[in-house]
Each structure stands twice: as C-alpha cells, then as structure tokens.
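I have placed the structure first, in the form of structure tokens, so that the comments after it can refer back to it.
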Amino acid sequence: VVDGTKVFEFVSTGLLDAGTRLISAATGVIGATAGFALPSAHAGFTNAAVAGCPASQTASTFVIPVTGLKVGQRITAWSLVGQVESAGNTATVDGDLRKLTVAAANITDASIGAITQVSATADAAIASSKTLATPEVVAADEQYYVVVTVTTAASTDVQIAGITVTTDVV
C-alpha cells in the first residue's frame, strides 16, 4: 500500500501447486498377500528404497500411500515406476489408485484409476501410466494409496521404485 492506494495484492493459497509428484516405494508397506520385500534384498538392493517381488509369486501385493496432496488439488494421472526381470518367462504387474473416504458409518474404499496387466516376457522398464477420465478433486476427508499386485513366473522378478502422481489446480 502506497499512500492508501493498493499497488498490488499478494494472496497465499498455501502453495497449492501443480505438477508431477514422485513417491518412493520406501513409504510403502507389504500388502495382504505375501511376496514383496522392502528393501528388495533378492535383487541386491539391500540399502535402496526399492520394493521387490521374487520369482514364483502369485498376486503378491505392495501398498504405497500417496503423500503430499493438498485439499483442492486435482489428481489427473499416475504411473508405476519399476522394472521387470523376465528371463523369458512372464511377469504381470497391476496397479490401482484408490481413495479412502471417511464417513460416519465406516470408511469407504474405492478405485479411481487402475493400470492392469502390464506383462513382460523380456527385461523391461515399467512405463505404464493412467490418465483419469475425470480428474479426482482432493478433499479433506480423503486419503489415497496405490496397491501394486504382481505375479511372477520362475526366474522372473519385479522391482518397484515408486509411483508418480500428476496434479493440477482448479
């Protein structure tokens, strides 16, 4: 304010930002179906933040919470970051971005965007992403997470380094 006249006005919105957020697998936990290890000792990542699923596992799960979101942001897309070690056999990877919503009767759990049947029969980086048909607006009573489900054949393994979540603001 200069002599009672507004020269400019700055309003802080709490740094409601847009962009792609990288979330490490180190924040995750082993899911309901055994198989994953964190850190992934079977592939030599004993000191790294990589979750691994060894050979001959069926529907092993790993859960990564989506952290750092702010109320009012919109989730527009997400992706898995990882690698498949195949040895000529098939490994499949599924990922499901899910939302927990607090309600008086119970907490509800719903899928908001899944990546299904990423399959590889040769060594490959996981490069699968999901753009949401309708952006998901983050509310104060919601939490988000990704459940990764992996099935490996003999001599195959999967390494999950993390996820990315892309947001914008209205």
Side-chain angles (χ1 to χ4, degrees), residues 20-69 75-103 105-136 138-139 141-167:
T20 301
R21 180 175 321 285
L22 307 173
I23 301 171
S24 171
T27 64
V29 296
I30 308 304
T33 307
F36 269 93
L38 180 69
S40 178
H42 72 275
F45 293 109
T46 54
N47 294 316
V50 175
C53 186
S56 303
Q57 301 297 310
T58 302
S60 295
T61 54
F62 189 74
V63 179
I64 303 171
V66 177
T67 57
L69 295 175
I75 300 170
T76 59
W78 74 278
S79 66
L80 288 169
V81 179
Q83 181 266 345
V84 174
E85 197 70 39
S86 153
N89 292 321
T90 301
T92 58
V93 180
D94 295 307
D96 192 6
L97 175 61
R98 302 190 63 83
K99 172 175 69 170
L100 298 172
T101 304
V102 175
N106 207 345
I107 294 177
T108 61
D109 185 1
S111 173
I112 62 169
I115 296 171
T116 58
Q117 295 299 298
V118 175
S119 183
T121 56
D123 293 355
I126 298 172
S128 296
S129 62
K130 173 73 174 183
T131 299
L132 302 182
T134 303
E136 175 70 26
V138 176
D141 63 348
E142 297 169 343
Q143 299 292 316
Y144 297 87
Y145 68 98
V146 170
V147 61
V148 180
T149 304
V150 171
T151 296
T152 54
S155 301
T156 66
D157 63 73
V158 172
Q159 308 298 314
I160 301 296
I163 58 174
T164 67
V165 177
T166 303
T167 59

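The model shown is predicted, which means the values in this text are computed figures rather than measured ones. We count residues from 1, following the sequence as given.
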Show your reasoning for whether side chain to side chain contact (heavy atoms under 4.5 Å, CB included) applies to L38 and F62. CA-CA 9 Å; L38 180 69; F62 189 74; 4.0 Å; yes
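- Take V63 and apply the side-chain contact (heavy atoms from CB on, under 4.5 Å) test, not counting sequence neighbours, and it matches V29, Y145, V147.
- Across every non-hydrogen atom of A34 and S60, the tightest pair is O-OG, 2.7 Å.
- Here the straight-line distance linking atom OG1 of T108 with atom CD of E142 works out to 8.5 Å at 0.5 Å rounding.
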Quick one: do T90 and T156 satisfy side chain to side chain contact (heavy atoms under 4.5 Å, CB included)? Show the steps, please. CA-CA 7 Å; T90 301; T156 66; over 6 Å; no
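- In this structure, the separation between CD on Q117 and OG1 on T149 is 10.0 Å, given to the nearest 0.5 Å.
- Residue pairs meeting the salt bridge (Lys or Arg N to Asp or Glu O under 4.0 Å) criterion with at least one member in residues 106-115, sequence neighbours excluded: R98-D109.
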Checking R21 against L69 for the side chain to side chain contact (heavy atoms under 4.5 Å, CB included) test, could you report, in this order, the C-alpha distance in whole Å, the side-chain angles of both residues, the deciding distance, and whether it holds? CA-CA 9 Å; R21 180 175 321 285; L69 295 175; 4.1 Å; yes
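- In terms of the side-chain contact (heavy atoms from CB on, under 4.5 Å) criterion, residue partners of T27 (sequence neighbours excluded) are, by chain and number, I23, I64, P65.
- Sorted by first and then second residue, the side chain to side chain donor-acceptor pair (under 3.5 Å) pairs involving residues 118-132 (not counting sequence neighbours) form an empty list.
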Pairs of donor and acceptor atoms involving the side chains of residues 76-84, under 3.5 Å and at least two apart or interchain, shall be tabulated with distances.
{"unit_1": "T76", "atom_1": "OG1", "unit_2": "T166", "atom_2": "O", "d": "3.3"}
{"unit_1": "W78", "atom_1": "NE1", "unit_2": "G113", "atom_2": "O", "d": "3.0"}
{"unit_1": "S79", "atom_1": "OG", "unit_2": "T164", "atom_2": "OG1", "d": "2.4"}
{"unit_1": "Q83", "atom_1": "NE2", "unit_2": "E85", "atom_2": "OE1", "d": "2.8"}

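- By the side-chain contact (heavy atoms from CB on, under 4.5 Å) test, D141 pairs with T101, V102, A139, sequence neighbours left out.
- For S111, the side chain to side chain donor-acceptor pair (under 3.5 Å) criterion is met by D96, not counting sequence neighbours.
- When every heavy atom of G35 is checked against every heavy atom of P54, the shortest pair comes out as O-CD, 3.0 Å.
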After noting the C-alpha distance and the side-chain angles of V146 and V165, does the key distance pass the side chain to side chain contact (heavy atoms under 4.5 Å, CB included) rule? CA-CA 10 Å; V146 170; V165 177; 5.8 Å; no
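- Residues S155 and A55 approach most closely at N-CB, 3.6 Å, considering heavy atoms.
- Checking side-chain atoms of T152 against main-chain N and O of Q57 turns up a donor-acceptor pair under 3.5 Å.
- Side-chain atoms of T61 come within 3.5 Å of backbone N or O of A32 as a donor-acceptor pair.
- Listed here is the closest heavy atom pair of A91 and V158: CB-CG2, 4.1 Å.
- Under the 3.5 Å distance criterion, the side-chain polar atoms of T151 are left unmatched by any main-chain donor or acceptor of T58.
- With sequence neighbours excluded, the residues forming a side-chain contact (heavy atoms from CB on, under 4.5 Å) with A154 are S56, N89, listed by chain and number.
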